[in-house]
Amino acid sequence: MSKPQRGVYVGKGANPDVVAAFRSNGRLTCISAAKFYSLWVLRKPTTLHLSCGNGLAKPDIVDHASMTHPPHSYLPVAGVADVLIHALRCLPELESLVMVQSAVS
C-alpha cells in the first residue's frame with residue numbers, strides 16, 4: 001500500500017490515472033475521464049488530461065482550465081459537463097463530437 005497524498009492510500013490494482021490525479025492534486029478531465037462516464041472515444045489517450053486549476057505546468061500532463069460544474073462524488077474526476085467542455089476545446093473536432101454524442105445518447 002502506498003500513500004500518494006496526505007489522507008489517501010492506494011492499494012494494488014488501483015487505476016494509475018486516478019493515482020496520478022491525486023499526486024498532481026488535480027481531477028481527470030477531457031479524454032482521460034471518458035471511461036469513468038462510459039463515453040465513447042476513437043483512441044486511447046496518450047497523455048494525461050487533468051484540471052489542476054493552479055496554472056502551474058506539470059511535465060507530461062495537459063492541464064485544462066478550472067472546473068465550473070460539480071465533480072465526481074468520490075473520485076478525482078471532473079464532472080461530465082466539464083469533461084465535455086474540455087474535450088471540445090482540446091481534442092480534434094471528430095474526437096470531441098464522438099464523446100458528446102455518446103453523452104447525449
Side-chain angles (χ1 to χ4, degrees):
M1 189 168 291
S2 67
K3 184 178 172 184
Q5 186 182 40
R6 185 177 182 185
V8 177
Y9 296 89
V10 177
K12 291 181 181 178
N15 183 304
D17 290 347
V18 171
V19 175
F22 276 120
R23 287 187 198 279
S24 299
N25 199 28
R27 293 191 182 270
L28 295 168
T29 190
C30 193
I31 196 166
S32 295
K35 65 182 166 189
F36 293 95
Y37 294 111
S38 299
L39 300 175
W40 304 331
V41 294
L42 294 179
R43 60 182 174 84
K44 290 188 174 196
T46 56
T47 307
L48 192 62
H49 293 246
L50 295 176
S51 176
C52 297
N54 58 13
L56 299 174
K58 293 182 174 62
D60 302 324
I61 292 176
V62 177
D63 191 1
H64 288 273
S66 44
M67 300 174 303
T68 56
H69 298 88
H72 192 280
S73 59
Y74 59 91
L75 290 173
V77 180
V80 70
D82 282 317
V83 168
L84 296 173
I85 290 168
H86 292 157
L88 286 167
R89 292 179 179 164
C90 174
L91 301 175
E93 185 177 332
L94 183 60
E95 291 183 38
S96 61
L97 290 176
V98 165
M99 289 177 61
V100 171
Q101 178 63 38
S102 68
V104 172
S105 298

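Because the structure is predicted, anything quoted here is derived from the model rather than measured.
Grouping the Ile, Leu, Val, Met, Phe, Trp and Tyr side chains by contacts below 4.5 angstrom, directly or via other members, places Y74 with V83. Residues I85 and V80 are members of separate hydrophobic clusters, defined by side-chain heavy-atom contacts under 4.5 angstrom among Ile, Leu, Val, Met, Phe, Trp and Tyr. Hydrophobic clustering (side-chain heavy atoms under 4.5 Å, transitive across Ile, Leu, Val, Met, Phe, Trp, Tyr) groups L94 together with W40. In the hydrophobic clustering of ILVMFWY residues, with side-chain heavy atoms under 4.5 Å counting as a link, V18 and M67 come out apart. Two different hydrophobic clusters hold V62 and L84 under the rule that ILVMFWY side chains link at heavy-atom gaps under 4.5 Å.
When every heavy atom of V41 is checked against every heavy atom of A34, the shortest pair comes out as CG1-CB, 3.5 Å. When all heavy atoms of A87 and C30 are compared, the closest pair comes out as CA-SG, 3.6 Å. Across all non-hydrogen atoms, the minimal contact from L28 to A21 is CG-CB, 4.1 Å. Of all the heavy atoms in A20 and L48, the pair that sits closest is CB-CD2, 3.4 Å.
Test S32, P76, S24 against L50 for side-chain contact (heavy atoms from CB on, under 4.5 Å) and you get one pass: S24. Checked against D17 for a salt bridge (charged side-chain N to carboxylate O under 4.0 Å, His left out), the options K35, R23, K44 give a single hit: K35.
Residues D60 and T47 have side chains that never bring a donor and an acceptor to within less than 3.5 angstrom of each other. Side chain to side chain, T29 and H64 fail the donor-acceptor criterion of an N or O pair below 3.5 Å.
We find the NE2-CG distance between H49 and D63 to be 11.0 Å, quoted to the nearest 0.5 Å.
Checked by atom type and distance alone, the side chain of R27 never pairs as donor or acceptor with a backbone atom of S66 at under 3.5 Å. Distance alone, capped at 3.5 Å, places no donor-acceptor pair between the S102 side chain and the L39 backbone.
The aromatic rings of H72 and Y37 are tilted relative to each other, their planes meeting at an angle between 30° and 60°.
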Between L91 and M99, is a side-chain contact (heavy atoms from CB on, under 4.5 Å) present by the stated rule, with each step listed?
CA-CA 10 Å; L91 301 175; M99 289 177 61; 3.8 Å; yes

Taking it one step at a time, do T68 and D82 satisfy side-chain contact (heavy atoms from CB on, under 4.5 Å)?
CA-CA 7 Å; T68 56; D82 282 317; 3.2 Å; yes

